[in-house]
Chemist: 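Would you mind keeping the following structure in view while I ask a few things?
Throughout, a chain's letter reflects where its sequence line sits, starting with A, and its residues are numbered from 1.
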Amino acid sequence: METVIKIDGKVVDRTKETINQDINTGEVEVVIDKFIILGECKELPMPVFSDQEYSEEIRLKYRFLDLRRKKIHENIILRSKVISFIRNEMSKFGFLEFQTPILTSSSPEGARDFLVPSRLNPGKFYALPQAPQQFKQLIMVSGFDKYFQIAPCFRDEDARADRSPGEFYQLDLEMSFVQQEDVFNVVEKLLVSTFKKFSNKELMFKEFPKITYSDALLKYGTDKPDLRNPLIINDITEIFTREDVSFEIFKKLVKKGSRVRCIVTKNTKDKPRSFFDNIDKWAKDQGASGLAYFTIEKDKEVSAKGPVGKFFSKESLEEIMKKTQGKVGDSIFLACSNQKELERITSLARDKIAKDLNLIDENTFAFCWVIDYPMFEKNDQTNKIEFSHNPFSMPQGEINKINFEKPLDILAYQYDIVCNGIELSSGAIRNHIPELMYKLFSIAGYEKKQVDEKFRGMINALSYGAPPHGGIAPGIDRIVMLLANEKNIREVTMFPMNQNAEDLMMNAPSEVSENQLKELSLSLKLKK
RNA sequence: GGGGGUGUAGCUCAGUUGGUUAGAGCGAUCGCCUGUCACGCGAUAGGUCGAGGGUUCGAGUCCCUUCACUCCCGCCA
């Protein structure tokens, strides 16, 4: 019954027998004089009072009914409160909130743009901002030294469970005359107070640990490590160059340039054979050649038990134990491959093994900073040097001492914040020196002329006395997702689109009339 | 663009080895009951088994194609 009615009557106490403690209004009742129907309800396509799961299709089509349901209703209220709180905190920190244009120019790099045709300028298009990146830098140049905005961002890329198609919100912020640490201080304070206020879960670290990008890839196999997971990856390639190790398959691969990395699990010598074999089988399902394993035991002297245990001498085992902090009773899972593939499989294995051993405390938030991203990276397919993140980031080191001959060694003041393995945001100290920018762009293969064409507004602004500045942009949707303990971003979004970027309720996107197209000087040329 | 999962009544689902007329709970409608609050009781309606094709004496079930939703890879500086 979802019909809306208006009742005239007297509220009276219930008789003692009819008091119901289970409901809020259980001690009173209304004696009805008259009632009228204000809004009639047809047969419901889905029940409103129920904890049952329903298909996304029906939920999205009737979102206004879905939103009446308790769980998601509360999620949306939480979202509102979190945003108010953040606004308030940012103001307290001395930041000013500014709006930036929604109709702007298409950016040449990064994600696909949403385009909006211009009626007054036939053949030309606006783009919806992927982020207010250039505007916030211009705000700094304009002399407002602390800016923030709960900013809508638009990217025409495919969806994921934690990534809305089309649009999402960032807490966009930027500060002048700052170094990386200053940005960290603001964001850490904000996140700690927000997460303490809106969640009962523990924060694993009061001060967020800082992990370098290269360390993260080695120890966790990814640049968004879940630090709730205590497992750590070690590189033990050198062990396989020893004479007293006879694991020939790995030794051959190592000779050809492969590396060996391993994960140590504590005190798992009594786990059944099936535990180990399942993980090996799982790794094969993931497209790896499997995970070799052995368990470290000790009778009179240290030895390795398991299918490949016999290949390791006592001395080599002691060396492995030293390198990995492994102890007697622990087990070791080994993978051998090229670096990229190793990072992929050890990262997945770290999650899988921790899950199987139940090592992850679901009641904690583990934040960390990932810092020292490389400025450039080599594209495997084209072999060309490209910007690895934001081309506007400031390279590290004294400017006249940077070795531009070895671009892959240049680090940037570029950082990410990660919580429980989810990337919340990335940010950077920006490059505010035009000459340096031209130099960096030239390494990535752009001539001065091209840079001027694409970023004229930006470069021009930086030529009239720009303060050093930097910032970051934490994802609002993902923060609320973590606080609401949801795995899907639609659970914290009021009117989300489906995976194909369609709004099933409003029927968007939709076709438009010939007249509208004509006014915009557009004609359609559909595939097939 | 690629891979996996799901698709049976308005909703959530069951449906055996391919075998008679496809079932249940909730919801809806009608009636009964009236101190109920997820009321109770009785009855009724409700199905292109996602769609199309094939195999078979016979297909919800097997095969092929396709569509929708979803998860993942690519993509997201």
Side-chain angles (χ1 to χ4, degrees), chain A residues 1-3 12-32 41-62 65-66 69-70 106-114 129-131 133-134 153-168 170 223-224 285-287 344 348 351 373-377 379-381 385-393 412 414 416 423 425-428 430-431 440-441 444 446 454-455 473 475 477-478 487-491 496-502 504 527:
Chain A
M1 281 287 272
E2 291 290 310
T3 292
V12 298
D13 285 336
R14 290 190 182 199
T15 58
K16 217 197 273 173
E17 320 85 73
T18 56
I19 288 176
N20 184 348
Q21 298 292 357
D22 294 338
I23 55 179
N24 286 337
T25 56
E27 293 188 9
V28 294
E29 57 189 2
V30 180
V31 181
I32 299 174
C41 177
K42 293 199 286 188
E43 181 177 356
L44 293 165
M46 56 180 288
V48 172
F49 283 102
S50 160
D51 291 329
Q52 202 151 13
E53 303 275 350
Y54 299 95
S55 76
E56 292 275 339
E57 199 175 353
I58 204 98
R59 291 185 57 194
L60 293 183
K61 187 167 176 190
Y62 296 95
L65 290 180
D66 192 36
R69 298 168 67 215
K70 191 161 184 259
S106 177
S107 60
E109 301 218 352
R112 294 181 184 92
D113 283 320
F114 281 100
Q130 294 177 22
Q133 179 64 36
Q134 294 198 46
C153 303
F154 305 90
R155 295 179 193 174
D156 188 5
E157 294 295 346
D158 289 1
R160 288 289 182 278
D162 63 351
R163 209 166 80 199
S164 293
E167 55 188 77
F168 60 98
Q170 288 183 341
D223 65 347
K224 34 186 179 194
D285 288 344
Q286 301 302 310
R344 187 185 75 86
L348 289 172
D351 291 341
Y373 276 78
M375 190 84 215
F376 299 101
E377 64 189 2
N379 183 317
D380 283 342
Q381 263 131 45
I385 305 277
E386 295 176 350
F387 287 109
S388 71
H389 273 74
N390 187 327
F392 300 124
S393 294
Q414 164 89 42
D416 273 19
E423 184 191 319
S425 67
S426 50
R430 323 295 173 187
N431 180 355
L440 294 170
F441 267 101
Y446 293 84
K454 286 174 174 171
F455 305 108
D477 314 79
R478 285 185 184 172
K487 290 215 157 52
N488 193 301
I489 206 152
R490 290 185 297 273
E491 301 301 328
M497 297 199 281
N498 71 5
Q499 196 171 40
N500 296 324
E502 294 164 321
L504 297 176
K527 284 180 207 166

Chemist: Any donor-acceptor pair, under 3.5 Å, between the side chain of A:Arg14 and the base of B:C37, if you only look at N and O atoms?
Modeler: yes
Chemist: B:U70, OP1 or OP2 - any side-chain N/O from A:Asn488 closer than 4.0 Å?
Modeler: no
Chemist: Classify A:Glu43 by what it touches in the nucleic acid, base, sugar-phosphate, or nothing, heavy-atom distance under 4.0 Å.
Modeler: base
Chemist: A:His389 vs A:Tyr373 aromatic rings, parallel, tilted or perpendicular, using cut-offs 30° and 60°?
Modeler: perpendicular
Chemist: Taking OP1 and OP2 of B:C37, is either one under 4.0 Å from a side-chain nitrogen or oxygen of A:Asn20?
Modeler: no
Chemist: A:Gln52 CD to B:G27 P: how many Å, rounded?
Modeler: 12 Å
Chemist: Closest approach of A:Arg155 and A:Ala131, non-hydrogen atoms and distance?
Modeler: NH2-CB, 4.0 Å
Chemist: Checking contacts here: which listed nucleotide (B:C69, B:A77, B:C71) is nearest the side-chain heavy atoms of A:Leu504?
Modeler: B:C69
Chemist: Touch check for A:Glu57, heavy atoms < 4.0 angstrom, all strands: base, sugar-phosphate only, or nothing?
Modeler: sugar-phosphate
Chemist: Hey, is the side chain of A:Glu29 pairing donor to acceptor with the base of B:G35 inside 3.5 Å?
Modeler: yes
Chemist: Would you kindly check whether a donor in the side chain of A:Arg163 faces an acceptor in the base of B:C76, or vice versa, at under 3.5 angstrom?
Modeler: yes
Chemist: Report the base-pairing partner of B:G47 (Watson-Crick or G-U wobble, both distances below 3.5 angstrom), or none.
Modeler: none
Chemist: Round to the nearest Å and state the distance from A:Arg59 atom CZ to B:G10 atom C1'.
Modeler: 18 Å
Chemist: Taking the P atom in each of B:C49 and B:G4, what is the distance between them to the nearest angstrom?
Modeler: 26 Å
Chemist: Output yes when A:Arg59 and A:Asp66 qualify as a salt bridge under the 4.0 Å nitrogen-oxygen rule, no when they do not.
Modeler: yes
Chemist: Taking OP1 and OP2 of B:C73, is either one under 4.0 Å from a side-chain nitrogen or oxygen of A:Arg160?
Modeler: yes
